[in-house]
Amino acid sequence: MKFWIAIASFVPATALMFMDQTILPVALPAIQRELGATDTQLQWCVNAYILAIAMFLLVSGKLGDSIGLRKTFSFGIVGFVLSSALCGMSQTAGWLIWMRALQGMSAALMMPPQNAMMRHVFSPSSLGKGIGFVVSISSIFLMIAPVIGGYLTETLSWRWIFWINAPIGAIGLWVVLIYWPSPKPVKSPIDLWGFLYFAIGVGLLTLFFMQVTDWGWASPISLSCLGSALFFLFLLILREKYATHPFLDLRLFKRPLFAAINISVSTAQAFLMVGVFWLLYFQNVLNYTPVEAGLLAFASGFPLLFASPLAGFLSDRFGPKLPVALGNLFLLYTCFFLFFFPTTSLFGLLVALFTFGMGIPLIMTPSFATALTSVPAGKTGVAMGTIITLRMVAGSIGLACMYLLTSSVYVKKLPSLGERDASIASFSTLHLALGLLILVSFAITLCLHSRKSAHRLPEFPGEGWD
């Protein structure tokens, strides 16, 4: 396949998956007004999507190996388009939440097969360049999605942020069926019990953090939910120690460098979810329009274009510690600036958002690159699958914890400060907490980076990940 045709074959699906991560938050105030959604339901509209991806990502990789990459991807893109159409037709917040979960499950079916297919579509000599172009395209869609979402919400309706997926998905399916090869499936065992323990445990833990302010900390349903979550996660750990084909290979975490990478990536992903609160805050408190809020989000995504290559260069030249340290410093600036100045000028806000956009790729890029060398060659597929899955789990639980913190502070401050000042206080407190989290995470990461592993992993191929 010619190089540029190969690149073009990945564009529609990439547009679907990456635009949908950032196009929704800017429309949340409009959705809340029209559907009468509570604040908790509004956060579920975002988190249901992320949680579904986290649950089904590893299963999708194994399914792609078992029934075929192209077939699995096709199921995913069809499901994504149908669920998007149903999202746009939502008449209640509950309907929208369930359709977002279906959308996330469909996205999970698309992600691993698309990544694995790159090895079959690009020649060995052009694989690196091809992946680079696809990553650049992904960054562009991440940046422009909030602007598109703001424009559609302001000029047409928030429903169009979902309906726009239909023509993109139709083109994507047509391109895939015509241009993608169909590699021969291989047997890939799935640890069904491990998957069930993981999905139930993570799902219940997220549910607890999302709902505890409504249920009450000491209510029977809250305690039952938390206890059940911890019980199933305990069963997962026991199961994965002895499973022949573990759902999550926990032996990887005996290597300090791999553990450090997961802490860095998971913290950065959790921090990324603050963008949901930014877009609500910009519109509801700072009184920016949806388009203006989308443009502010663009400012935070723009550094991706050059910060990722810069991070790669610094990591190759000086090792991963330098770019990771710089990335954490940038994020600390954003946190503590917005903590002290939550109603800053437009210029101050743009600087804080820009440093945020610099910090994330400076952490993510060297972390993923180092992951490839932190484990034996035969385990890189499983290692990357594990990192990406835990990254999505961190995003889901991180969003739930942020909502728990902001809603608790808001309720406490509301009687004495009023709605606007209580919102400002909760926004400021959120960034103080994030700043402290980054400090702790960075300290632990540095300690783990300095340790050497005494554990030798067996060399065997990663099941389910190409």
Closest non-hydrogen atom pair between [X] and [Y], with its separation:
X: Thr213; Y: Ser407; value: CG2-OG, 3.5 Å
X: Ala270; Y: Ala394; value: CB-O, 3.8 Å
X: Ile363; Y: Ala268; value: CG2-CB, 4.2 Å
X: Ala307; Y: Gly357; value: CB-O, 4.5 Å
X: Leu204; Y: Ser228; value: CD1-CB, 3.6 Å
X: Arg159; Y: Ser90; value: NH1-O, 2.7 Å

Ring geometry between Phe195 and Phe56 (parallel below 30°, tilted from 30 to 60°, perpendicular above 60°):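 Because their plane-to-plane angle lies in the 30° to 60° range, the rings of Phe56 and Phe195 count as tilted.
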
Mutual orientation of the aromatic rings belonging to Trp160 and Trp163 [parallel < 30°, tilted 30-60°, perpendicular > 60°]: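 Because their plane-to-plane angle is over 60°, the rings of Trp160 and Trp163 count as perpendicular.
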
Distance flag, aromatic centroids of Phe234 and Tyr197, threshold under 6.0 Å: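 No, too far apart.
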
Okay, side chain of [X], backbone of [Y]: is any donor-acceptor separation there less than 3.5 Å?
X: Ser222; Y: Trp217; answer: no
X: Gln211; Y: Phe209; answer: no
X: Ser441; Y: Leu437; answer: no
X: Thr406; Y: Tyr403; answer: yes
X: Ser396; Y: Val393; answer: no

Rounded distance (nearest 0.5 Å) linking atom [atom1] of [X] with atom [atom2] of [Y]:
X: Leu272; Y: Ile50; atom1: CG; atom2: CD1; result: 9.5 Å
X: Tyr49; Y: Ser83; atom1: OH; atom2: OG; result: 9.0 Å
X: Leu434; Y: Cys401; atom1: CG; atom2: SG; result: 10.5 Å
X: Met55; Y: Thr389; atom1: CE; atom2: OG1; result: 12.5 Å
X: Trp158; Y: Leu152; atom1: CH2; atom2: CG; result: 12.5 Å
X: Phe80; Y: Leu109; atom1: CZ; atom2: CG; result: 11.5 Å

Set of residues satisfying salt bridge (charged side-chain N to carboxylate O under 4.0 Å, His left out) with respect to Arg100, sequence neighbours excluded: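 Scan of Arg100 (salt bridge (charged side-chain N to carboxylate O under 4.0 Å, His left out), adjacent residues dropped) gives Asp20.
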
Arg70: salt bridge (charged side-chain N to carboxylate O under 4.0 Å, His left out) partners, not counting sequence neighbours: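 By the salt bridge (charged side-chain N to carboxylate O under 4.0 Å, His left out) rule, Arg70 matches no residue at all.
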
Tell me, do [X] and [Y] make a side-chain contact under 4.5 Å, heavy atoms counted?
X: Leu28; Y: Val46; result: yes
X: Ile397; Y: Leu51; result: no
X: Thr445; Y: Lys321; result: no
X: Arg239; Y: Leu196; result: no
X: Leu35; Y: Leu96; result: yes
X: Val81; Y: Leu173; result: no
X: Phe330; Y: Ile360; result: no
X: Pro25; Y: Trp278; result: no

Under 3.5 Å side-chain donor-acceptor pair for Ser84 and Gln103: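 There is such a pair between these side chains.
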
Sequence-distant partners of Trp95, ring pair (Phe, Tyr, Trp, His ring centres under 6.0 Å), two or more places apart: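 Once residues adjacent in sequence are excluded, Trp95 has no partner under the ring pair (Phe, Tyr, Trp, His ring centres under 6.0 Å) criterion.
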
Full working for side chain to side chain contact (heavy atoms under 4.5 Å, CB included) between Phe232 and Val202: CA-CA 9 Å; Phe232 279 103; Val202 171; over 6 Å; no

Qualifying residue, where the test is side chain to side chain contact (heavy atoms under 4.5 Å, CB included) with Ile263 and the options are Val265, Ile261, Thr267: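 For Ile263, the side chain to side chain contact (heavy atoms under 4.5 Å, CB included) check succeeds only for Thr267.
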
Leu57 vs Ile388, side chain to side chain contact (heavy atoms under 4.5 Å, CB included): CA-CA, chis, key distance, verdict: CA-CA 8 Å; Leu57 197 64; Ile388 294 170; 3.1 Å; yes

From CA spacing to verdict: side chain to side chain contact (heavy atoms under 4.5 Å, CB included), Leu280, Gln43: CA-CA 11 Å; Leu280 288 168; Gln43 296 301 323; 3.6 Å; yes

Side chain to side chain contact (heavy atoms under 4.5 Å, CB included) assessment of Leu24 paired with Ile31: CA-CA 10 Å; Leu24 175 64; Ile31 292 172; 3.6 Å; yes

